[in-house]
There are 2 protein chains.
Amino acid sequence: MADPRKKTPGDARSAPVRIKDIADDLGVSVAAVSRALRNRGEISSEKRALVLKRAAELNYRPNLVARALVTGRSGLMGLVVPDLVHSFFAELAVALSRALRRSGFNLLIASSDEDAELERQEIDRLVSRGVDALLVASTQPTSDTFHSILDPNTPCVLLDRWFAGLSANFVGVDDEKVGTIATEHLLQIGCRHVAHISGTGVSTSRGRLEGYTKTLARYGIPINDDHIVSVQQLDKAAVSGGYAAARKLLLCDPRPDGIFCCNDPMAIGAMQAIFEAGLRIPSDIALIGCGNLHYDSALHVPLSSIDQRSEALGERAAELAIRLVEAREPVRPKVILLEPSLIVRKSTERPALRLMESLERAAEKVG
Amino acid sequence: MADPRKKTPGDARSAPVRIKDIADDLGVSVAAVSRALRNRGEISSEKRALVLKRAAELNYRPNLVARALVTGRSGLMGLVVPDLVHSFFAELAVALSRALRRSGFNLLIASSDEDAELERQEIDRLVSRGVDALLVASTQPTSDTFHSILDPNTPCVLLDRWFAGLSANFVGVDDEKVGTIATEHLLQIGCRHVAHISGTGVSTSRGRLEGYTKTLARYGIPINDDHIVSVQQLDKAAVSGGYAAARKLLLCDPRPDGIFCCNDPMAIGAMQAIFEAGLRIPSDIALIGCGNLHYDSALHVPLSSIDQRSEALGERAAELAIRLVEAREPVRPKVILLEPSLIVRKSTERPALRLMESLERAAEKVG
DNA sequence: TTGAAAGCGTTACCAG
DNA sequence: CTGGTAACGCTTTCAA
């Protein structure tokens, strides 16, 4: 007798086994099998054992699509980032994916290419796919456009970037502090003319710029507008953007002796420009980036950076997203601000600092 | 009048709008709305326009989960890699994701952590989720274990790594050629003692090793077993593995004057070991890796590498996977081998080579 | 404890 | 061209 569920007569592929198949096979109801399989609801332990055994034999795989349709929960989370090629977002995606897996969620990743409209489409699509929550490093220009995109039924966590005035879930670092730490570090190693290569449009750039200007002010240093250069494509063309910006800075008078870059790829571009100009790092110009990417320490000159804690960020975001999904009712938006930290490498190591370090090391040994 | 579809009485969230809502609203059948929305089947253009307009007004989003259940196609592809933190796989994931998006697919990414059992579980789960195809850089030890994992109804494309004797779809580079190009390059720049830091267990390592030994043989150079060091954790701990392996190599007599590393992270580790030993690259030891990662050119010494064409690989794999999904019947397995290419950077630039290059450049100008 | 049956939102088949 | 309606595989209520 031919199996009516075979796709095509000559096809070797057999249809996947369903709950009903197990039920028929065992002469019990589908309800019982469903309960046994998930170890839920009332069921005798003998029957459960029987079902489990048969399911294993038949290599039964639950159809998660069907389950999602009836339960209204897919076990999927959606991640939207501006550019997955930018290592910070790749690292973030990895951390998120890891953390979510532990709770049985899978991650659906979409790139917006720093295009607000494309981001809208991707979010729409993820919502259509029934993701239980959305995690997005948004590229929207304003809080309004962002809000208009969201689906009221899908909880959302903002990553890395936030919007003024928008009450939303957010996980990221304190960007003003990022700017403060970096700028202060450059000042403390003796830089007199600290420049900044900035991004545009997003909260991270604004916050870091603010940390930069406030710190200079606090140190009584006048702000030189020429020493602040903005790069348009924050992530997509960061390296070339940083390169171009640094070249502009090198023409300034006075020439900067320290540059704080909005992110590490920009710093890599800047590094290249500095070398091409025949200058040395850090002796002529000290350089610090932001993101603390995995390969920073292996760069031409190992790059000092501000750690944005991509791993912790992923964990905390996953945690928060899961809590939102679990909550039956809407929950008050939560903001998680992680502390950025300074990672000193060769690109900002000046003799003075090296001296201090060796003193500290000596002190450690003594203590 | 209370909407019976509201989740909870006090809840501001309203249930998503369905086809049925539009149908009721317009006084037409769900079938008509469904057809209009997808622009399929017979339907008058006036009615279609009407439906489309109302759908837009109501901000209708198709429920892709329901659609997947009935059509048996999810529009999802599953990617399984050993370690997403390894840049090669991150770059591959990005390329794949990009290519798939153009055809309306989303990508579900899972990491196996180089654990065969975990890989099995992840594949199971992706199949459960109804992915239309699987793309996997497998960590299984043998062709048999791999085959036993697969679902007969879900087409699969092997990425980067393949299994002897398994007739399957595969997209990757020709690994023996990788080994040949790298080894030959080191010989041609004048290395007399070329060592190899190898991986274990997977086809890529075996192929590259084979290219290495065959090339030495072809040049009439006896193989020195001490000059071949294997690293266990191919991707998870590649940097530290490369570091340890290089340290071992530095103790050899004769000491290698050129090292071909199985991948770039290993080369980064090796680079560190070489510097720590007070040696210079490339003058004391030339170094070449494999993968041509984005940041290679910004490293301490810009790293020569064999390009594995992660972008093209993603593209071709996406293409192939889509074809498999589209095909109604099983299609004969296809193997796509991409040509690896040599990327020369400072880590293998020897005076002799520079001379040759300038000669070539001069020749070009003349020609 | 058990099983029958009513959905979940969509598509696809058929009869008008 | 149109509109009922039966699936898709599963969970969950409800009555036995």
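Worth saying up front: this structure is predicted, and the values here are computed from it rather than measured. Residue numbers start from 1 in every chain, and the chains themselves are labelled A, B, ... in the order their sequence lines are given, proteins ahead of strands. For the numbers below, each heavy atom of this structure counts, side chains included, while hydrogens, waters and symmetry mates do not.
- Residues that satisfy the salt bridge (Lys or Arg N to Asp or Glu O under 4.0 Å) test with A:Glu326, not counting sequence neighbours, are A:Arg73.
- Nucleotide D:dT11 holds its P atom 16 Å from the NZ atom of A:Lys20, rounded to whole Å.
- Of the charged side-chain nitrogens involved, none lies within less than 4.0 Å of a carboxylate oxygen, so that A:Glu122 and A:Arg125 do not count as a salt-bridged pair.
- Looking at residues two or more places apart in sequence or on another chain, you find a side-chain hydrogen bond (donor to acceptor under 3.5 Å, both in side chains) between B:Arg61 and A:Asp124, A:Asp151.
- Applying the salt bridge (Lys or Arg N to Asp or Glu O under 4.0 Å) test to pairs two or more places apart or on separate chains, none has a residue in residues 30-50 of chain A.
- Partners of B:Asp24 by side-chain hydrogen bond (donor to acceptor under 3.5 Å, both in side chains), not counting sequence neighbours, listed by chain and number: B:Lys20.
- For residues 133-142 of chain A, no pair satisfies salt bridge (Lys or Arg N to Asp or Glu O under 4.0 Å), with sequence neighbours left out.
- Taking the side-chain hydrogen bond (donor to acceptor under 3.5 Å, both in side chains) definition, one finds that A:Asn59 meets it with nothing, sequence neighbours left out.
- Rounded to whole angstrom, the span from the CZ atom of A:Arg73 across to the P atom of C:dG9 amounts to 17 Å.
- When the C1' atom of C:dG3 is taken as reference, atom CG of A:Asp24 falls 13 Å away, rounded to whole Å.
- For B:Ile19, the listed nucleotide lying nearest its side chain is C:dT10; candidates were D:dC10, C:dT10, C:dC8.
- Rounded to an integer number of Å, the gap from A:Asn153 CG to C:dG9 C1' is 15 Å.
- A:Arg129 has its CZ atom 14 Å from the C1' atom of C:dT10, to the nearest Å.
- Sequence neighbours left out, the pairs with a member in residues 123-154 of chain A that pass ring pair (Phe, Tyr, Trp, His ring centres under 6.0 Å) are A:Phe146-A:Phe163.
- Of the residues in residues 52-64 of chain A, A:Tyr60, A:Pro62, A:Asn63 come within less than 4.0 Å of DNA chain D through at least one heavy atom, sorted by number.
- Between the side chains of B:Asn106 and A:Arg129, at least one donor-acceptor pair of N or O atoms lies under 3.5 Å.
- End-to-end axis angle for the helix from C:dT1-D:dA16 to C:dG16-D:dC1, using five pairs per end and rounding to 10°, comes out at 50°.
- Rounded to whole Å, the distance from CG on B:Leu50 to C1' on D:dT2 is 15 Å.
- If you measure from atom CZ of A:Arg67 to atom P of D:dT12, you get 9 Å, rounded to the nearest angstrom.
- A:Ser111 pairs by the side-chain hydrogen bond (donor to acceptor under 3.5 Å, both in side chains) definition with nothing, not counting sequence neighbours.
- For the pair B:Leu37 CG and C:dT10 C1', the interatomic distance rounds to 11 Å; values are reported in whole Å.
- Sorted by residue number, the members of residues 41-49 of chain B with any non-hydrogen atom under 4.0 Å from DNA chain D read B:Glu42, B:Ile43, B:Ser44, B:Lys47.
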Grab the N/O contacts between the protein and nucleotides 12-16 of chain C below 3.5 Å, and write none if there aren't any.
{"from": "C:dA12", "atom 1": "OP2", "to": "B:Arg38", "atom 2": "NH1", "distance (Å)": "3.2"}

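- We find that B:Arg54 and B:Asp21 are not joined by a salt bridge, their nearest charged nitrogen and carboxylate oxygen being 4.0 Å or further apart.
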Stepwise salt bridge (charged side-chain N to carboxylate O under 4.0 Å, His left out) check, B:Arg316 with B:Glu311: CA-CA 9 Å; B:Arg316 302 297 299 274; B:Glu311 200 138 339; over 6 Å; no

